[in-house]
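Take a look at the structure below.
First the proteins, then the strands, lettered A, B, ... as listed; each starts at 1. The shown structure was predicted, so the numbers you read here are calculated from the model rather than taken from an experiment.
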Amino acid sequence: MAYWLFKSEPGSWSWDQHNAKGKSGDEWTGIRNYQARNNLRAMKKGDRGFFYHSGEGKEIVGIVEVARPAHPDPTDKTGEWVSVEIRPLHALPKPVSIAAIKAEPRLKDMVLVRNSRLSVQPVSAEEWRLVSKMGGLGQ
DNA sequence: GCCAACGTTGGC
DNA sequence: GCCAACGTTGGC
């Protein structure tokens with residue numbers, strides 16, 4: 001299983017809104033960046049992802065699951081871009097802020113630290129484990 | 001509000 | 001194909 005990180009401005013789309021979708025999940029549309037598209041294409045059903053709030057909050061707030069792999073983005077007329085469907089699994093008991101991530105030397109190579117602008121990021125298994133632990137999820 | 005980092009655009 | 005200019009993102 002692979003791990004990912006989805007970034008969103010809570011002003012445009014927040015974890016609460018996403019969580020309200022429940023098990024039905026939601027289309028993750030509007031990605032118009034090649035690096036992010038490559039990541040979307042690499043996703044498989046059942047992969048897990050962090051849900052990160054940029055701008056306001058600047059913290060990882062929840063866990064999602066890829067419910068449907070990459071397919072043409074319904075909001076794109078050119079057919080060049082793809083979206084995936086993700087569904088919320090649960091919130092983190094303790095949100096993990098970017099400050100906490102930067103303060104952890106073992107997370108210094110996280111894409112979130114290296115390239116915070118990338119909207120869909122890969123997360124290593126080790127990073128996933130550490131951040132989950134910091135977020136209050138026992139393992 | 002500032003500014004660094006990054007991606008994209010367009011002239012050559 | 002190079003690179004300067006520009007717009008956008010996002011942390012601080």
Side-chain angles (χ1 to χ4, degrees):
Chain A
M1 185 196 314
Y3 303 101
W4 309 95
L5 182 143
F6 298 86
K7 217 181 46 178
S8 182
E9 289 241 21
S12 3
W13 186 251
S14 72
W15 167 255
D16 284 343
Q17 282 172 288
H18 188 65
N19 204 35
K21 291 273 179 177
K23 286 205 172 76
S24 62
D26 191 53
E27 285 273 353
W28 201 256
T29 59
I31 303 299
R32 301 291 184 268
N33 169 284
Y34 290 102
Q35 236 182 310
R37 186 181 71 177
N38 288 342
N39 290 331
L40 288 178
R41 283 183 169 162
M43 288 182 191
K44 295 195 170 57
K45 188 179 174 179
D47 282 356
R48 299 294 162 92
F50 287 132
F51 194 107
Y52 176 75
H53 276 171
S54 66
E56 228 173 287
K58 297 191 267 297
E59 57 192 11
I60 294 171
V61 290
I63 309 279
V64 299
E65 179 187 50
V66 177
R68 185 185 171 201
H71 53 279
D73 184 337
T75 68
D76 169 43
K77 291 189 184 76
T78 71
E80 198 184 343
W81 303 99
V82 299
S83 65
V84 298
E85 235 176 85
I86 58 175
R87 67 183 185 92
L89 290 184
H90 47 80
L92 280 189
K94 290 185 298 179
V96 179
S97 71
I98 194 161
I101 288 168
K102 285 186 167 174
E104 169 52 69
R106 285 173 292 177
L107 294 176
K108 69 172 171 35
D109 286 329
M110 263 192 92
V111 181
L112 195 61
V113 176
R114 297 268 162 150
N115 181 11
S116 62
R117 292 187 44 171
L118 185 59
S119 53
V120 179
Q121 311 178 354
V123 173
S124 77
E126 179 64 11
E127 289 160 357
W128 181 269
R129 198 186 59 79
L130 254 169
V131 172
S132 298
K133 202 170 166 187
M134 291 162 71
L137 295 175
Q139 242 172 347

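Going from atom NZ of A:Lys102 over to atom P of C:dG11 covers 7 Å, rounded to whole Å. In this structure, the CD atom of A:Gln35 is 10 Å from the C1' atom of B:dC6, given to the nearest Å. We find that OH of A:Tyr34 is positioned 7 Å from P of B:dT8, with the value rounded to whole Å. Atom CD of A:Glu9 is separated from atom P of C:dT8 by 14 Å (rounded to the nearest Å). Between the CZ atom of A:Arg114 and the C1' atom of C:dT9 there is a distance of 19 Å, given to the nearest Å. Counting to the nearest Å, the P atom of B:dA5 and the CG atom of A:Leu112 are 16 Å from each other. One atom, CZ of A:Arg117, and another, P of C:dG11, lie 11 Å apart when rounded to the nearest Å. Between A:Arg32 atom CZ and C:dT9 atom P there is a gap of 13 Å when expressed in whole angstrom units.
The two residues A:His71 and A:Val84 make their nearest non-hydrogen contact at CE1-CA, 3.9 Å. Listed here is the closest heavy atom pair of A:Pro69 and A:Met43: CB-O, 3.8 Å.
Residue-level contact check: A:Leu118 touches neither bases nor backbone, having no heavy atom under 4.0 Å from any strand.
Aromatic ring centres of A:Phe51 and A:Trp13: separated by at least 6.0 Å. Ring-centre distance between A:Trp81 and A:Tyr34: below the 6.0 Å cut-off.
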